[in-house]
Structure formats: structure tokens, C-alpha cells
Amino acid sequence: MSEYELLAQRLRETGFPVTSLVAVTGGCICVAGMASLRDGSRVFAKTETEAEAEADLFEVEAAGLSALRDLGGVRVPTVIHVSPGLLVLEALQPRDDGQWFWEQLAHMVAALHTSTVSGRFGWHRDGWQGRMRQDNTWETDGHAFYAQHRILRWLPEPLVEAEFDREERRALERLCAALPELIPPHPPSLTHGDMWPGNILADGSGEPVLIDPAVSYTWPEVDLAALWCSLRPPESERFFAGYEELAHPFDGWRDQAQLLRIWDLFSVIAHGLDTWGAAGIVRTLIKPFRYHSAV
């Protein structure tokens, strides 16, 4: 049985009368498809085929979608079904990359960040980055949170440990110690946590919708950096212009964008997916913090 046959079977066993299933690509963790049902409606569904799949993977995703909607007013897909082996969501459509779309997204994300300002960093449960746990332990110090739970947390992962030598790991520790000089202290907001273009779609009216969250309370610029550092259409500049007018991120956040998305670089390395130079970007970030012995 193929992976997509397994997905169709799990849908039918759960009560969804599937007539056809079209594969959806873009993710690397789950098998996903757009299913047409007997009544003519469509749903998006995904399943996890790995034997070691964690039982709460989809439940955590569904809870993150609910938090973004209920706490931050974000448009997210409706959760139709969630169980350890299957997640079924409202069917969405590709976004229209016109300026209007990106301006609407700016208003939505700015409202999320400005309406959910908190006194603590973290979340009440751990999340997921792919197949790796996202450590969301509560902290009151943002620099400590980012150092421990978004940078150093990755160093014990086998592929990360194999990639960086002892001096590079020490340089990462020095980078963490210097975070207060690089990122000004400011409060956290509820963040989507993985806001790259692939996680931005549209509903039937063309309004922006966010999918696949990895929520936590952290610096809101983490969401900006995920988008800023991704391949994106030129029209997305309207997002940054609109967001900055509405939410006022800290001055110079673009200069620290790679640092603000270092968690994603480590996730790519840890999953064995670094075919485009994530480790090289990390090495560029830590270069000022390497010590060289005199010859």
C-alpha cells in the first residue's frame, strides 16, 4: 500500500467518503492530500506514516491553530477532525500575490502581535519543528529563552553535533551570551512560529490564512524574520511596510533576521535537509565569536 493509499484508507475509516485524492507536496514530514468527497466538497488531510510518530503531533498543530484564532484573531483553517493518525482541515487555495493580499496579511499579523503581548516567553506545552520537539519552557527573560530553547537546545541533536566542531559550539555559546547586545529587550507576543511563504495560503474570498503553526510567546520579530529570509515575491514588501507602520518592530531587526530565524537553520540541519547552506549561515553568524590562537 502506498502512502497516499494509506491516507485515503484512514480518511474512509474515519467516516470521510473519499472519491479521489490529489497529492499535496511542499512538506517533508507528513503525507498530505486534497480529498474530494461524495457530496462534492473537498477537505485537506494529512497523516504520519513513520512508526515512531508522536501521538500528539496533530493535536498540537490543531491546538496551535485554535490559539492563533481565539487569542490573536488570525484566520486559520477550520479543524474538521484530529486524531493521532489523521488531521483533516478546511480546504484552502493558493494565495494571490498581489499587493492587496500582502497588505491584508500585514494587518492580520500586526493585530496578532499587538493584541497578545505577554510577560512570559514560552508556551504551556512543547510544540514541534518537523519531527523535533520545540522546547517551550516558560522564561521571564527573553534572551535566556532564546539562548536555551531556540539555539542551545539544538546542539545535542546528532546531525547538529556532527556538523559543528568544539570551537564552533563554544562560539555559539558566546553568541548566546551576547544576545542582550544584539537584540534589545522587549516583551513577547504570541507568534505563529514558522511564517515562511509556504505556510501562507488564502480562503475562498482571497483573504490570507496561516497554516502549520509552531506557536509560542516570543519576540514578534521571529515571525518577520522567517518571512524576510525566505524566497518570496516582490509584492511581499507591502507586508513589511504595512506591518512596521502598525506594530513598530525594534529598529534594525532586518540586520538580525538570520539570528532571529536560527532555530529554523538548526531544524533543517537536524532533519538532514541542509541542501542549500543552512550550516554556512550559522557559521557566518558565529564567526565574530570564534577565538583564534596566535600563530
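Note that the numbering runs from 1 along the sequence shown for the chain. Since the structure is predicted, the reported quantities are computational estimates derived from the model, not experimental observations.
- Judged by a 6.0 Å distance limit and a 45° cone about the ring axis, Arg10 is not positioned over the six-membered ring of Phe16.
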Do His149 and Asn136 pass the side-chain hydrogen bond (donor to acceptor under 3.5 Å, both in side chains) test, and can you show the C-alpha distance, the side-chain angles, and the key distance before you say yes or no?
CA-CA 7 Å; His149 309 306; Asn136 290 329; over 6 Å; no

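- Looking at residues two or more places apart in sequence or on another chain, you find a ring-ring contact (aromatic ring centres under 6.0 Å, His included) between Phe240 and Trp228, Trp253.
- For the pair His186 and Glu221, the tightest heavy-atom approach, listed with the atom from each and the gap, is NE2-OE1, 2.8 Å.
- The minimum heavy-atom distance between Ala279 and Asp274, with the atom names listed, is N-OD2, 3.0 Å.
- No side-chain donor-acceptor contact under 3.5 Å links Glu59 to the backbone of Pro84.
- For Asp70, the CG atom is densely surrounded, since the number of other residues' heavy atoms within 6.0 Å is greater than 12.
- The closest donor-acceptor contact from the side chain of Arg174 to the backbone of Phe289 lies under 3.5 Å.
- Under the 4.0 Å criterion applied to side-chain N and carboxylate O atoms, Glu235 and Arg95 are not assigned as salt-bridge partners.
- Side chain of Trp100 to backbone of Asp97: no donor-acceptor contact under 3.5 angstrom is found.
- For the pair Arg254 and Glu244, the salt-bridge criterion is met [side-chain N within less than 4.0 Å of a carboxylate O].
- For residues 135-147, the set of pairs meeting the salt bridge (charged side-chain N to carboxylate O under 4.0 Å, His left out) definition, not counting sequence neighbours, is empty.
- Relative orientation of the Trp102 and Phe239 rings is perpendicular, given thresholds of 30° and 60° on the angle between their planes.
- Although no hydrogens or angles enter the test, the distance criterion places no donor-acceptor pair under 3.5 Å between the side chain of His271 and the main chain of Leu273.
- When every heavy atom of Ile286 is checked against every heavy atom of Leu172, the shortest pair comes out as CG2-CD2, 3.4 Å.
- Comment: Lys46 engages Glu61 in a salt bridge, judged by a side-chain N to carboxylate O separation of less than 4.0 angstrom.
- Distance alone, capped at 3.5 Å, places no donor-acceptor pair between the Asp203 side chain and the Val209 backbone.
- A donor-acceptor pair under 3.5 Å links the side-chain atoms of Thr116 to the main chain of Leu112, judged by distance alone.
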Evaluate ring-ring contact (aromatic ring centres under 6.0 Å, His included) for Tyr243 paired with His107, printing each intermediate quantity in order.
CA-CA 7 Å; Tyr243 181 94; His107 280 269; over 10 Å; no

CA sep, side-chain torsions, deciding dist, call: Arg150, Ser216, side-chain hydrogen bond (donor to acceptor under 3.5 Å, both in side chains)
CA-CA 11 Å; Arg150 295 296 181 265; Ser216 69; 3.2 Å; yes

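- Atom CZ of Arg125 sits in a crowded spot, with more than 12 heavy atoms from other residues, nucleotides or ligands closer than 6.0 Å.
- Within 6.0 Å of CD in Glu13 there are more than 12 heavy atoms belonging to other residues, nucleotides or ligands.
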